[in-house]
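Here's the structure we're looking at; comments come further down.
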Amino acid sequence: MEILAEHIINIQREMPPNVTLVAVTKTRPIELLEEAYSLGLRNFGENRVQEMVDKQPLLPADIKWHQIGHLQTNKVKFIAPFVHLIHSIDSLKLLMEVDRQALKNDRIIDCLLQIYIAREESKFGLDEEEAILMLQSDEFREMKNIRICGLMGMATYTDDDETVRREFASLKSFFDRLKSDYFTEKDYFTHLSMGMSGDYHIAIEQGSTMVRIGTALFGER
Ligand SMILES: *Cc1c(COP(=O)(O)O)cnc(C)c1O
């Protein structure tokens, strides 16, 4: 069997039915995305706007494009017409721009708040307090063209499973808290995007509903 097909089958076998596999296709050539598509994958994740915008028109229209990397405010307009889910909302300013561009495109754009959970200093992500302040703000309440559908987080890059487990567990408990405090009636608040090639087993065990996997599918970049 082709190696990619084998990887897909093996990874999907490990995933409960409520978990979505996002194939991280950054840096991969179009031919590989076509192969992944022909093998049934429909959710593709990119971390650079330019690369997503270049690839999107060359591939079938039913692909769901996930923006997983840091998103600059001035680039939102390029992906607003088609992006399926933005995982990396890390400021109110960015969310307001997504709302504005979604309105222009006459659509509602689904977003996740990126929460900072790792031990090491990371440049991107909100801490819990910042996320709560955002959800309580008047600006947030006035947005009509975005939906916050859940949270995304990246664990510390380490061999220490206990550290990773603790970080994912803290994200899951923050997710549950937001769900009950701010999104009780909102059945779209369901996504917990956590888990990459090196840590998706732990992420799934801790309640992930969406794993973002590149290397384990396609090999080293
Ligand atoms: C690159 C990337 C991934 C996938 O990483 P792998 O280790 O190749 O699975 C997941 N999430 C984000 C945000 C990434 O930038």
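Residue numbers run from 1 in the order of the sequence given. Note that the coordinates shown come from a computational prediction; the quantities given were computed from them, not determined experimentally. Atoms within each ligand, like the ligands themselves, are counted from 1 in listed order.
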### NZ or CZ of R28 within 45° of F218 ring axis and under 6.0 Å
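No, R28 does not sit over the ring of F218.
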Tabulate distances under 3.5 Å between N/O atoms of ligand 1 and N/O atoms of the protein, writing both atom names on each line.
from, atom 1, to, atom 2, distance (Å)
ligand 1, 8 (O), T215, N, 2.8
ligand 1, 8 (O), T215, OG1, 2.6
ligand 1, 8 (O), R221, NH1, 2.8
ligand 1, 8 (O), R221, NH2, 3.1
ligand 1, 9 (O), S197, N, 3.0
ligand 1, 9 (O), S197, OG, 2.5
ligand 1, 9 (O), G214, N, 2.8
ligand 1, 11 (N), R212, NE, 2.9
ligand 1, 15 (O), K26, NZ, 2.7

### Task
Classify the ring geometry between F183 and F140 as parallel (under 30°), tilted (30 to 60°) or perpendicular (over 60°).
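Answer is perpendicular, since the angle exceeds 60°.
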### Query
Parallel, tilted or perpendicular for W65 and F82, by the 30°/60° rule?
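W65 and F82: perpendicular rings.
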### Task
Kindly indicate, with the supporting measurements, whether the criterion side chain to side chain contact (heavy atoms under 4.5 Å, CB included) is fulfilled by M152 and R212.
CA-CA 10 Å; M152 184 271 246; R212 310 176 311 272; 3.5 Å; yes
### Query
Any donor and acceptor pair, going by atom type alone, linking the side chain of N105 with main-chain N or O of Q101 inside 3.5 Å?
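The answer is yes, because a donor-acceptor pair under 3.5 Å joins these two groups.
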### Query
What distance do I8 atom CD1 and E2 atom CD have between them, rounded to the nearest 0.5 Å?
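I8 atom CD1 to E2 atom CD measures 11.0 Å (nearest 0.5 Å).
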